[in-house]
Amino acid sequence: MPDRYDPSSFEAKWRERWKAADLFATRQDPDRPKFYGLDFFPYPSGAGLSVGHCRNYIPTDVICRMKYMQGYNVLHPMGFDAFGLPAENEAIKNKVHPAPMVKRYAENYRRQMELIGISYDWSRSFASSDPEYYKWTQWIFKRLFEKGLAYRKEAAVNWCPQCKTVLADEEVAGGLCWRCESVVEKRFIPQWFFRITAYAQRLLDDLEELDWPEGIKQMQRNWIGRSEGVEFEMKVALPPGGPSEGDLEVLSDHKPLTFRVFTTRIDTVFGMTFAVLAPEHPLVDRLLRHVPEDRRAAIEEYRAAAKRLSEQDRLATTHEKTGVFTGLYAINPVNGQEVPIWVADYVLYGYGTGAIMAVPAHDERDFEFATKFGIPIVQVIAPKDGSPVDLPWVDKDGVMVASGEYTGMTVAEGQRALGEWMEALGIGERKVQYRLRDWLISRQRYWGCPIPIIHDAEGNMEAVPDDQLPVLLPEVEHYEPTGDGTSPLAHIEEFVNCTDSEGRLARRETDTMGGFACSSWYFLRFCDPHNGRQPWSPDSVRYWMPVDCYVGGAEHAVMHLLYARFWTKFLYDEGLVPVKEPFQRLENQGMVLALTPFRHPRENERLEVGQPGIQITFEEAQRLPQDQVFYRWEKMSKSKGNVVTPDEAVEKFGADALRVYELFVAPFDQAIQWTDEGLQGAARFLSRVFRIASEVAPWWRFDWEDGLQGDLSAPARELRRKTHQTIRKATEDIERFAFNTYVAALMTFVNSFNDFLRAVGPEPTESEKAVACEALQSLILLVSPAAPHSADEIWESLGGGGFTYQMEWPKYDEALCREDTLTIAVQVNGKLRDTVEVPADATREQVESAALASAKVQSHVGGKPIKKVVYVPGKLVNIVAP
RNA sequence: GCCCGGGUGGUGGAAUGGCAGACACAGCGGACUUAAAAUCCGCUUCCCGCAAGGGAGUGCGGGUUCGAGUCCCGCCCCGGGCACCA
């Protein structure tokens, strides 16, 4: 038995044995409960895994290993999100084809995951770019298409000029492309959408029942953005002397000249002093005919300028309000007052009706606009006590004033009364609005799942028949994006030309699906990954779904996690899956930060806002004078050059040390600072485990339970108690993702074990040896999920067969966890003055008298009358004597 | 601006309203060693004190309570997300 942790001598051996024994094959024994543990579907990057990625995989592995040892059937699979922009961009950069590239990268990922001992069942692995997989992505697309939930329409969409494709709203962060950070442009082109908005309310409601971090739920709620209000109609008052509604307007398009507005503050409607149309609003075209010549040019100029503005500039709140007056007026339905109609780009065409009633007294944006353009501001809501307020006053805790018959109502009362009044008169109705937009799924890129649709000569669309799926992505040499708004597939005649269901010449859809479509159902495929006839068998998803524990980064809060929920709900409605939600419990791991060198800027250099300094290499940091260099903790990334790979960490300190370190260093969901010292500390802990095992080894017997009879010595009783307490703590901590305290408990246990060995000396009694054996076996099993190589190595050195993974997780005995004496804190007036030792079964009276007997306590009470004594059993006595 | 997190020793962090600082890193002292590394033992919140002991202390200011790192109110700072959504 080695007496220290020497990973190079055994870790590789165990990984080979686990592989040879097919140890992590998924078990589906009907008598056992199931546990589905899953990591986010990774895109295999050429840089390989860093120790940052391991922060995701190691904790999931720990909980899966414990669950397996506790007797669960565990599904713990891994696959690769190979389709999509990141892979294609990397392939273009390297001037290679993405298919063999991602295959090579995925193999490297697998090698690294195996290197750190993750217990994946690789027999269930696949990549989203495998035809056997994307066949079913297309199949689900077809089901969505048939239900009208996948549709094509022309719309203003986000276009990334660098990636040369459109993007979903979720993929635009602060007006920038999430992949390349280019400024996103607006384009008006036909695109494919998934009607996720049809599920907005359910996506919102069902968040309640999920065990997810509150922050992620909140982000989804905000993204869905539900708001309740009233939508109502405003009539345009045509100018006297101009063309009247009777002649020109009716002749032109037979529609009355009206527009609808949405507001969440109908209670402020009496304060409306103008109305605003978004520049894209179609009514603007019709209004132009009624607008005096001199204004017409100004409005058209304004619209053109708004169109040129990038989405980022348009949405920037720093952007000063602009707009043009149309010269026309609309009628406020509640009081018949005419208010000017403006066109301004602070009203978004994509939300609500694209038109608003503006109440500058009670809306900050309207206030800013009114102030700039000299529009009247009329206060109609005031504090209940009538005190004066600064405008704009947006507080909802007020009453209506100057509002006709509604004057005196509270905001809530007024909203209800006005809503009902409008509904009764047919002017408007109460309505729920969502910020969520439909999910734009088509991409003008090669490396994605082809959309299984055919366009016939008349422009009709039909789905490719199921028996012709998958629509294979053609193998081509040149696949670079075109940039003209079409996919490179559009230029491949053999792909485009096809026949429709009636045998006529037709054209194939040439856009591909964005990568997020592929990752919206992979967790279902893992239940039945090799099914050639169905995406999954009903039995398999009934057994395994939902995912019990889903682990990954928080950056997918409103992308993957929302999309996957939507697909699951759709598939549930179709009767294809038995669950409404895919992921019951979600956990987000923290980042790994590395100390990164910077230098101060030189004279001719300027820093961006928020940029700490000029980032430099470690070599450069060595060369420069120390006062020019400073270090900061930065996220590990290839571009920062501060990445530590698991290969390096394992080479230096071993896989188990890496695992233990990442578990121990900080709470699971917090960012950690990578240090070699910490890693060394983990290795030191494992060495102590080996040393203890080697000391106990001479006394080892498999039937130690028989030796536990009779009275135990004090050190033996103490160690037994520690053993059972540690089992309890470790089990609970792993369950609640408190891996840092799980490891800390093991360290404490090792320290106590060490104290025991020192106390009993080289010749312990038989029962002490038995207690040591129980403690050692527990230690090996408890350490096994965190340090599986070491656990198996020690177990084998003791003569044990098999793998610790297949042994039963230890159980604790509550009675054995109990202390026989307790240390009670004694406070006087809430301040700690002493502690007293009492037997565990001492009565309240005994504890109190022991506390009062303390000289320190007496000196602080100082003879003052005792007003009362607070007694917390097992914890503390507080003597109140003021 | 709004919505989430979070502020605890030299450092990472621990603590169902009940002994603040578990566990570790770093540091210091000691043992072993010719020596170093490794390992082992011990000390390590700050202030006053030789010590015994005393005082202060979980971002700041209030409050609730016998008792607050923990709960409540008002601020400050840091990280993340959203941001002209009517």
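In what follows, chains are A, B, ... by sequence order, proteins preceding strands, each numbered from 1. Note that these values count all heavy atoms, side chains included, but never hydrogens, waters or copies made by symmetry.
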Side chains of A:E732 and A:Y742: donor-acceptor distance under 3.5 Å anywhere?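 On atom types as modelled, these side chains do not qualify, holding no pair under 3.5 Å.
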Qualifying residue for side-chain contact (heavy atoms from CB on, under 4.5 Å) with A:L418, from A:T268, A:I266, A:T263, A:I427: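 Among A:T268, A:I266, A:T263, A:I427, the one that satisfies the side-chain contact (heavy atoms from CB on, under 4.5 Å) with A:L418 is A:I266.
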Over all strands shown, is [X] touching base, sugar-phosphate only, or nothing at heavy-atom distances under 4.0 angstrom?
X      : answer
A:V872 : base
A:R221 : nothing
A:P213 : nothing
A:F664 : base
A:H860 : sugar-phosphate
A:G352 : nothing
A:D366 : nothing
A:T835 : base
A:V870 : base
A:N754 : sugar-phosphate

With a cut-off of less than 4.0 Å, is there a side-chain N or O of [X] near OP1 or OP2 of [N]?
X      : N     : answer
A:R435 : B:C82 : no
A:K831 : B:A56 : yes
A:N740 : B:A24 : no
A:R688 : B:C40 : yes
A:R833 : B:G55 : yes
A:R684 : B:A26 : yes
A:R758 : B:C41 : yes
A:Y346 : B:A86 : no
A:S227 : B:A86 : yes

If you measure from the [atom1] atom in [N] to the same atom in [M], how many Å do you get, rounded?
N     : M     : atom1 : result
B:U11 : B:G63 : P     : 31 Å
B:C48 : B:G10 : P     : 15 Å
B:A26 : B:U34 : P     : 26 Å
B:A15 : B:C3  : C1'   : 29 Å
B:A24 : B:C75 : P     : 42 Å
B:U65 : B:C71 : C1'   : 10 Å
B:G12 : B:U8  : P     : 7 Å
B:G53 : B:C4  : C1'   : 47 Å

Atom [atom1] of [X] to atom [atom2] of [N]: distance rounded to whole Å?
X      : N     : atom1 : atom2 : answer
A:Y434 : B:A86 : OH    : P     : 13 Å
A:L757 : B:C40 : CG    : P     : 13 Å
A:Q218 : B:G79 : CD    : P     : 22 Å
A:L679 : B:A24 : CG    : P     : 16 Å
A:M357 : B:C84 : CE    : C1'   : 16 Å
A:Q827 : B:G17 : CD    : C1'   : 11 Å
A:Q220 : B:C82 : CD    : C1'   : 14 Å
A:I672 : B:G13 : CD1   : P     : 10 Å

N/O donor-acceptor pair, side chain A:Q670 with base B:G13, under 3.5 angstrom: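 Answer no: no donor N or O sits under 3.5 Å from an acceptor.
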Please confirm whether any donor atom in the side chain of A:K875 sits under 3.5 Å from an acceptor in the base of B:C19, or the reverse. no
Report the base-pairing partner of [N] (Watson-Crick or G-U wobble, both distances below 3.5 angstrom), or none.
N     : answer
B:A36 : none
B:G1  : B:C82
B:G29 : B:C41
B:A20 : none

Could you work out which one of [options] sits closest to the side chain of [X]?
X      : options             : result
A:A744 : B:C23, B:A15, B:C19 : B:C23
A:V880 : B:C66, B:A26, B:C19 : B:C66
A:Q673 : B:G12, B:A86, B:G5  : B:G12
A:N222 : B:C3, B:A26, B:G53  : B:C3

If you assign each of A:R226 and A:K868 to its closest nucleotide in RNA chain B, which residue comes earlier from the 5' end? A:K868
Whichever of A:F262 and A:W223 has the more 5' nearest nucleotide on RNA chain B, that residue is A:W223
Centroid-centroid under 6.0 Å between A:F664 and A:F739 rings: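 Aromatic pair excluded; centres sit 6.0 Å or further apart.
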Based on the glycosidic angle (syn within 90° of 0, else anti), state the conformation of B:G9.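 Syn, angle within 90° of zero.
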From the options A:W342, A:F367, A:Y346, select the one residue that forms a ring pair (Phe, Tyr, Trp, His ring centres under 6.0 Å) with A:F373. A:W342
Rounded at 0.5 Å granularity, tell me how far CZ in A:R260 sits from CZ in A:F232. 9.5 Å
With a 4.5 Å limit on heavy-atom distance, are the side chains of A:Y661 and A:T675 in contact?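 They are in contact (side-chain heavy atoms under 4.5 Å apart), so the answer is yes.
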Are any non-hydrogen side-chain atoms of A:V51 and A:L658 less than 4.5 angstrom apart?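 Contact flag for A:V51/A:L658 side chains = yes.
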Restricting to non-hydrogen atoms, name the atom on A:N740 and the atom on A:P667 that form the minimum distance, rounded to 0.1 Å.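 So the minimum-distance heavy-atom pair works out to ND2-N, 3.6 Å.
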Stacked cation flag A:K722 on A:F749, 6.0 angstrom / 45 deg: no
Dump the intermediate steps for side chain to side chain contact (heavy atoms under 4.5 Å, CB included) on A:E368 and A:E364, then the final yes or no. CA-CA 6 Å; A:E368 194 191 323; A:E364 281 171 14; over 6 Å; no
